[in-house]
Amino acid sequence: MKRFKVLISDYEFKSITIEKEVLHSAGAEIITAQCKTEDEVISAGKGVHAIINQYAPITRKVMESLPNLKVIARYGVGVNTIDLEAATKHGIYVTNVTDYCMEEVADHTFSLLLACARKIVQLNKAVKNDVWDYKVGMPIYRLKGRILGLVGFGSIPQNLAKKAISFGLKLVIYDPFISKSLADKYKAEVVSLNELMKISDFISVHTPLTNETKGLIGKEQFNHAKKEAFMINTSRGEVVDEEALIHALRKNQIGGAALDVVSQEPIRHNHPLLKMENVILTPHVAWYSEESQIELQRKTAENVVDVLKGSSPKYLVNKI
């Protein structure tokens with residue numbers, strides 16, 4: 001009989017061979033499911049010592065219903081699917097993987113920025129509709145000397161900052177938790193959120209979703225924005241007040257948006273953003289490359305093994 005039971009509550013990968021290899025090496029029994037509700041997690045997770053989680057809600061009720069639970073390991077950086085306070089109270093480790101897709105998200109963000117700046121999507125559509133006219137994309141401004149505003153300045157936006165500097169962009173940052181010396185390293189100015197909105201040509205969102213950051217960028221902030229500015233979000237959809245964003249786009253308060261994330265995913269078929277010519281949408285793909293996915297799956301499983309073997313996991317979110 002195997003020593004530990006591990007539930008993979010839900011996943012969207014084609015294969016979970018990597019996790020199975022890591023967990024089997026530690027003598028774990030693996031249960032797989034595609035849970036969407038807390039009750040489904042509870043039903044699938046009877047007797048488990050660990051949960052590997054992607055999108056299913058891991059709530060206080062789930063934790064109280066699974067008394068053997070020692071660790072919840074999330075695929076990804078954000079842990080907004082997990083009641084962190086309840087986990088800490090119940091002595092359950094919560095882990096994530098913070099470094100598996102830094103290059104990918106930075107690359108995707110900068111790709112969206114360039115697509116906005118050069119009006120790539122609009123021009124491509126025009127040409128395919130038999131309109132050969134550069135004026136379709138007007139106005140287009142030279143990238144060098146424009147201002148990129150970074151909302152949050154963790155590892156991913158720091159990676160992005162290096163790419164942006166090489167293209168001649170100037171940087172401003174809103175992040176209450178960074179030091180001036182870190183900003184100085186990137187020749188960036190630390191400003192208030194409203195000031196960032198006021199002076200930025202591109203606004204790129206990188207803060208995690210918490211109670212404090214939900215709706216961080218809303219009506220007040222869009223009232224400060226330049227009419228030609230572009231909003232780029234590769235973080236979490238709910239950091240930006242979606243109704244306020246839609247209003248700002250409709251009223252031409254900003255020039256456009258490029259979003260890898262929205263408040264409810266997948267985006268509903270009749271969503272207003274789908275009908276807007278100045279909005280680029282990608283399906284929460286910024287994290288993905290073949291290499292990053294392999295790294296994510298392996299490190300998530302290794303977090304579980306660390307805890308079940310009595311060690312402290314490398315990517316620990318809460319303090320037990």
Side-chain angles (χ1 to χ4, degrees), residues 12 14 101 103-151 160 163-164 166-169 197 200-206 217 219 221-223 225-290 292-293:
E12 58 184 358
K14 288 183 178 180
C101 63
E103 290 285 350
E104 286 79 3
V105 177
D107 288 348
H108 195 86
T109 303
F110 202 65
S111 298
L112 292 175
L113 186 155
L114 289 173
C116 290
R118 298 300 308 174
K119 307 291 179 67
I120 299 297
V121 174
Q122 295 95 315
L123 292 166
N124 173 69
K125 182 178 179 181
V127 172
K128 289 184 176 181
N129 285 317
D130 203 28
V131 177
W132 187 271
D133 186 356
Y134 78 92
K135 293 188 290 297
V136 169
M138 294 176 67
I140 293 176
Y141 299 98
R142 181 174 292 167
L143 201 61
K144 185 177 181 179
R146 308 296 278 182
I147 296 176
L148 169 60
L150 298 167
V151 182
L160 173 63
K163 303 175 196 296
S166 70
F167 274 72
L169 285 158
M197 296 294 294
S200 295
D201 299 293
F202 305 95
I203 300 134
S204 189
V205 181
H206 298 279
I217 299 175
K219 183 178 179 180
Q221 286 68 44
F222 286 115
N223 284 339
K226 290 182 178 182
K227 291 187 181 298
E228 66 269 24
F230 290 93
M231 167 67 65
I232 303 164
N233 190 0
T234 53
S235 176
R236 287 291 184 271
E238 289 181 289
V239 174
V240 178
D241 182 329
E242 209 161 82
E243 291 303 314
L245 171 61
I246 292 167
H247 178 82
L249 289 163
R250 283 174 171 163
K251 297 296 183 181
N252 297 314
Q253 288 180 285
I254 60 172
L259 310 172
D260 186 54
V261 290
V262 291
S263 60
Q264 184 178 348
E265 298 177 7
I267 193 168
R268 66 179 191 273
H269 73 278
N270 61 343
H271 199 291
L273 291 170
L274 294 171
K275 300 177 177 68
M276 295 182 174
E277 293 293 325
N278 58 345
V279 174
I280 300 171
L281 294 163
T282 56
H284 204 146
V285 69
W287 64 274
Y288 170 74
S289 70
E290 287 295 305
S292 68
Q293 180 173 309

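FYI, the numbering just counts along the sequence from 1.
- The line from OG of Ser111 to NZ of Lys163 is 9.0 Å long, rounded to the nearest 0.5 Å.
- Put simply, the residue from Val262, Asn233, Ile217, Ile254 that forms a side chain to side chain contact (heavy atoms under 4.5 Å, CB included) with Leu245 is Ile254.
- Of the inter-residue distances, the one linking Ile232 atom CD1 with Cys116 atom SG reads 5.0 Å to the nearest 0.5 angstrom.
- Side-chain contact between Pro283 and Glu265: absent, with no pair of heavy atoms (C-beta onward) separated by less than 4.5 Å.
- Residue-environment remark: NZ (Lys251) stays at or below the threshold of 12 foreign heavy atoms within 6.0 Å.
- Here the closest heavy-atom approach between residue Asp133 and residue Leu123 is recorded as O-CD2, 4.3 Å.
- Screening Asp201, Leu160, Leu113 for a side chain to side chain contact (heavy atoms under 4.5 Å, CB included) involving Leu169 leaves a single residue, Leu113.
- Shown here for Val105 and Thr109, the closest heavy-atom pair between the two residues is O-OG1, 2.7 Å.
- Defined by atom type and a distance below 3.5 Å, a donor-acceptor pair is present between the side-chain atoms of His206 and Ser204.
- Scanning all heavy atoms of the two residues, the minimum distance from Cys101 to Trp287 falls at CB-O, 3.3 Å.
- Counting all heavy atoms, side chain and backbone alike, Ala117 lies closest to Leu143 at CB-CD1, 3.9 Å.
- Using a cutoff of 4.0 Å between basic side-chain nitrogens and carboxylate oxygens, Asp241 and Lys219 are not scored as salt-bridged.
- Side-chain contact between Pro272 and Arg268: present, with at least one pair of heavy atoms (C-beta onward) separated by less than 4.5 Å.
- Heavy-atom minimum distance, Ser200 versus Ala229: O-CB, 3.5 Å.
- Distance check, rounded to the nearest 0.5 Å: CG of Asn278 to CD of Gln122 gives 7.0 Å.
- Put simply, the side chain of Ser292 gets close to the backbone of Ser289: a donor and an acceptor are under 3.5 Å apart.
- Taking CE of Met276 as the start and CG of Leu249 as the end, the distance is 5.0 Å to the nearest 0.5 Å.
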Does the pair Tyr288 and Gln293 meet the rule for a side chain to side chain contact (heavy atoms under 4.5 Å, CB included), with working shown? CA-CA 6 Å; Tyr288 170 74; Gln293 180 173 309; 3.5 Å; yes

Does the side chain to side chain contact (heavy atoms under 4.5 Å, CB included) test come out yes or no for Leu148 and Leu150, once each step is laid out? CA-CA 6 Å; Leu148 169 60; Leu150 298 167; 3.9 Å; yes

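- The side-chain tip of Arg146 points at the ring of Tyr141 from less than 6.0 angstrom away and within 45° of straight on.
- Smallest separation of non-hydrogen atoms from Thr282 and His108: OG1-NE2, 3.1 Å.
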List the steps and the verdict of side chain to side chain contact (heavy atoms under 4.5 Å, CB included) for Val127 and Trp132. CA-CA 5 Å; Val127 172; Trp132 187 271; 4.0 Å; yes

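- The CG atom of Leu273 sits 5.0 Å away from the CD1 atom of Ile267 when rounded to the nearest 0.5 Å.
- A donor atom on one side chain and an acceptor atom on the other are found under 3.5 Å apart for His271 and Glu242.
- When the shell of 6.0 Å around CZ of Arg118 is examined, it contains 12 or fewer heavy atoms from other residues, nucleotides or ligands.
- Applying the salt bridge (charged side-chain N to carboxylate O under 4.0 Å, His left out) test to Glu238 and every residue at least two apart in sequence or in another chain returns Lys214.
- Under the 4.0 Å criterion applied to side-chain N and carboxylate O atoms, Glu277 and Lys125 are assigned as salt-bridge partners.
- Taking the side chain as every heavy atom from C-beta outward, Pro139 and Lys119 approach each other to under 4.5 Å.
- Summarising the geometry, atom CZ belonging to Phe222 is positioned 5.0 Å from atom CE belonging to Met197; distances are rounded to the nearest 0.5 Å.
- No donor-acceptor distance shorter than 3.5 angstrom exists from the side chain of Asn252 to the backbone of Gly255, with no hydrogens or angles considered.
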Which is it for Leu281 and Leu274 under the side chain to side chain contact (heavy atoms under 4.5 Å, CB included) test, yes or no, and what are the steps along the way? CA-CA 8 Å; Leu281 294 163; Leu274 294 171; 3.6 Å; yes

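- Judged by distance alone, the side chain of Asp260 and the main-chain N or O of His284 form a donor-acceptor pair under 3.5 Å.
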